[in-house]
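Single-structure report; data block below.
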Protein chains: 2
Amino acid sequence: MPDTADPAPMTVRRKFRREGEERRRQDLIEATLDCVAEYGLQGATLRTIALRAGVTAGLIRHYFPGKEELLQEAYTALVGRMTEQAKAALVMEEASPRQRLAAFVTANLNAPIIDQRVFSLWATFIGRASADPTLARAHREGYLGFRNEVEAVVAEVLAAEQRKPDASQLRRHAIAINAIIDGLWIEGCLAGEMFSPGELAAIGIKAVEAELGLAPLEPEISGRIGLKSESGSKSKR
Amino acid sequence: MPDTADPAPMTVRRKFRREGEERRRQDLIEATLDCVAEYGLQGATLRTIALRAGVTAGLIRHYFPGKEELLQEAYTALVGRMTEQAKAALVMEEASPRQRLAAFVTANLNAPIIDQRVFSLWATFIGRASADPTLARAHREGYLGFRNEVEAVVAEVLAAEQRKPDASQLRRHAIAINAIIDGLWIEGCLAGEMFSPGELAAIGIKAVEAELGLAPLEPEISGRIGLKSESGSKSKR
DNA sequence: AGGCTATTTATACACTTGCGCAACAAGGCT
DNA sequence: AGCCTTGTTGCGCAAGTGTATAAATAGCCT
């Protein structure tokens with residue numbers, strides 16, 4: 001074995017490709033979320049994140065000042081994605097307010113919003129929010145945006161029913177409905193297999209309608225209110 | 001200063017007291033919860049925990065096989081304490097079912113159950129539950145116990161109203177009410193200053209009564225809880 | 001009072017962590 | 001084609017991690 005006169009270096013340097021800045025940042029953020037969801041904040045080390053993103057750890061410092069900033073940007077991205085998906089169900093133009101409210105509840109209580117991975121991420125980050133002002137701010141912005149959307153739809157629904165609630169009543173309804181959705185979301189994420197498909201959404205719609213004092217629709221009609229109800233299995237592991 | 005011929009050791013050994021085993025374990029668990037709430041799982045190191053408990057790090061290994069077991073026992077203790085407090089509001093013997101339900105909701109939406117520290121702990125641990133079967137089991141046991149309590153009270157309330165719900169209706173009510181309490185609990189823990197004292201409890205009680213289709217009590221009467229209000233008219237507003 | 005033992009301290013160790021830095025090479029530019 | 005910028009790697013470092021273990025001592029028992 002002639003290992004002498006070896007022109008090749010002892011250890012070959014890793015091949016790599018230069019990616020666009022935005023692409024790399026996005027990949028790193030996604031890898032960060034993956035690692036946090038799987039291993040928690042303590043397991044999401046720079047080396048693990050880099051491995052997942054297909055780069056080496058040193059590169060992270062080229063895009064983020066430090067680990068903390070990476071985590072903060074990852075959480076901000078997560079919150080943005082969550083609220084965006086949640087509100088997407090509200091842009092049904094021709095539907096009645098009540099149908100839009102029902103579609104909103106349904107969308108929030110099915111995949112991809114009901115998702116173990118997303119819940120793990122949410123819980124992990126929110127647990128640090130009280131100690132990290134940056135996380136707290138990212139959360140509060142997302143939360144208030146969400147609740148304002150709820151309040152707006154509720155106002156439309158009640159207006160369509162000829163009712164004129166004052167601001168404080170509206171606020172209370174929004175708080176309660178927000179709680180119903182959040183609570184059912186948690187139950188679904190944590191123990192999804194305990195509920196049949198669509199069951200959480202049905203419970204949520206009924207609870208919301210009871211909160212607003214709406215007479216229930218006919219069962220056949222309430223079943224097909226403009227929603228896709230396809231259970232996309234995007235769960236990992 | 002004659003430092004020669006010094007009978008005292010160069011570094012004085014730390015004074016300590018021997019505590020009873022149960023007491024030490026309890027102190028260590030409490031210190032662990034403190035550290036997790038303040039610094040998160042990553043910041044809750046053995047040295048930090050030991051410092052908070054007033055001992056040195058090595059002692060922890062004398063009471064727990066490893067860090068993981070300490071964390072698991074800490075979470076189990078937390079869950080036990082939470083459900084214990086929550087259910088404590090249900091042991092009003094002479095009260096009517098409806099009063100007990102209202103007291104249950106109220107208790108769960110005020111201090112000490114509405115508490116930032118407890119919420120941080122809950123979120124931090126629950127975020128790891130999907131990856132750690134031991135945590136998942138501790139959570140599920142506490143959760144199911146809680147929901148069974150809810151279901152039992154709901155059954156009593158409806159029975160007192162001469163209603164005979166079947167098992168599936170009962171289950172749906174329990175799920176919805178559990179969600180209402182959980183959701184409002186989160187809102188209160190995360191943004192307690194946004195709500196006036198007692199506001200969350202009032203919203204919760206109203207939402208729960210709406211979910212169960214209970215006619216609201218008269219404001220003046222509802223203050224002095226002790227009447228059955230046998231009014232057959234379930235008219236609202 | 002003095003010894004015994006288990007609790008507690010203190011130190012060592014192998015390993016991981018986030019970060020800094022110099023060398024390298026991918027790919028656009030001329 | 002060759003150069004030059006800079007995205008990217010590889011490696012080192014100091015601080016901190018959980019664990020192992022020996023040494024000390026507090027406090028009960030006789």
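Sequence lines set the chain letters: A, B, ... in the order given, protein chains first and strands last, and positions in each chain run from 1.
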Check: Hey, does B:N110 have a side-chain heavy atom less than 4.5 Å from the side chain of B:T106?
Finding: yes
Check: Salt bridge or not for B:R52 and B:E38, using N-O below 4.0 Å?
Finding: yes
Note to self: Measuring to OP1 and OP2 of D:dT8, would you say a side-chain N or O of A:H62 lies under 4.0 angstrom away?
What the structure shows: no
Next item on the list: Return the residues of residues 23-35 of chain B meeting this criterion: a heavy atom under 4.0 Å from some atom of DNA chain C. Order them by number, or give none.
Entry: B:R24
Notebook entry, point to check: Has the side chain of B:R100 got a donor or acceptor atom that lies under 3.5 Å from a matching backbone atom of B:V153?
Noted result: no
Notebook entry, point to check: For the pair made of CZ in B:F64 and P in D:dG18, what is the distance, rounded to whole Å?
Noted result: 15 Å
Margin query: Does this structure show an ion pair linking A:E199 with B:R171, if we count only N-O contacts that are shorter than 4.0 Å?
Written below: yes
Notebook entry, point to check: In terms of side-chain geometry, is the basic nitrogen of A:R81 or A:E30 positioned less than 4.0 Å from the acidic oxygen of its partner?
Noted result: yes
Next item on the list: Cation-pi check, A:R128 to B:Y39: give yes when NZ or CZ is under 6.0 Å from the six-membered ring centre and within 45° of the ring axis, no otherwise.
Entry: no
Notebook entry, point to check: Which of parallel (below 30°), tilted (30 to 60°) and perpendicular (above 60°) describes B:F146 and B:F104?
Noted result: tilted
Next item on the list: Please say which of B:W185, B:Y143, B:Y75 ends up in a ring-ring contact (aromatic ring centres under 6.0 Å, His included) with B:W122.
Entry: B:W185
Notebook entry, point to check: How close or far is atom P of D:dC28 from atom CD of B:E19, stated in whole angstroms?
Noted result: 12 Å
Next item on the list: Let me know the distance between CZ of B:R18 and P of C:dC4, rounded to the nearest Å.
Entry: 15 Å
Notebook entry, point to check: Does A:Y63 make a side-chain N or O approach to OP1 or OP2 of D:dG7 shorter than 4.0 Å?
Noted result: no
Note to self: For B:K206, is there an ion pair with A:E211 - N to carboxylate O distance below 4.0 angstrom?
What the structure shows: no
Would you tabulate the nitrogen or oxygen pairs shorter than 3.5 Å linking the protein to nucleotides 10-16 of chain D?
unit_1: D:dG10; atom_1: OP1; unit_2: A:R14; atom_2: N; d: 2.7

Check: Can you check the A:I60 CD1 to D:dT9 C1' distance for me, whole Å?
Finding: 13 Å
Next item on the list: Whole angstrom is fine here: how far is it from CG in B:L51 over to C1' in C:dT8?
Entry: 16 Å
Checklist line | Euclidean distance, atom NZ of residue A:K67 to atom P of C:dG18 [Å, nearest integer] | finding: 4 Å
Checklist line | Integer-rounded Å distance: C:dG18 P and A:E69 CD | finding: 13 Å
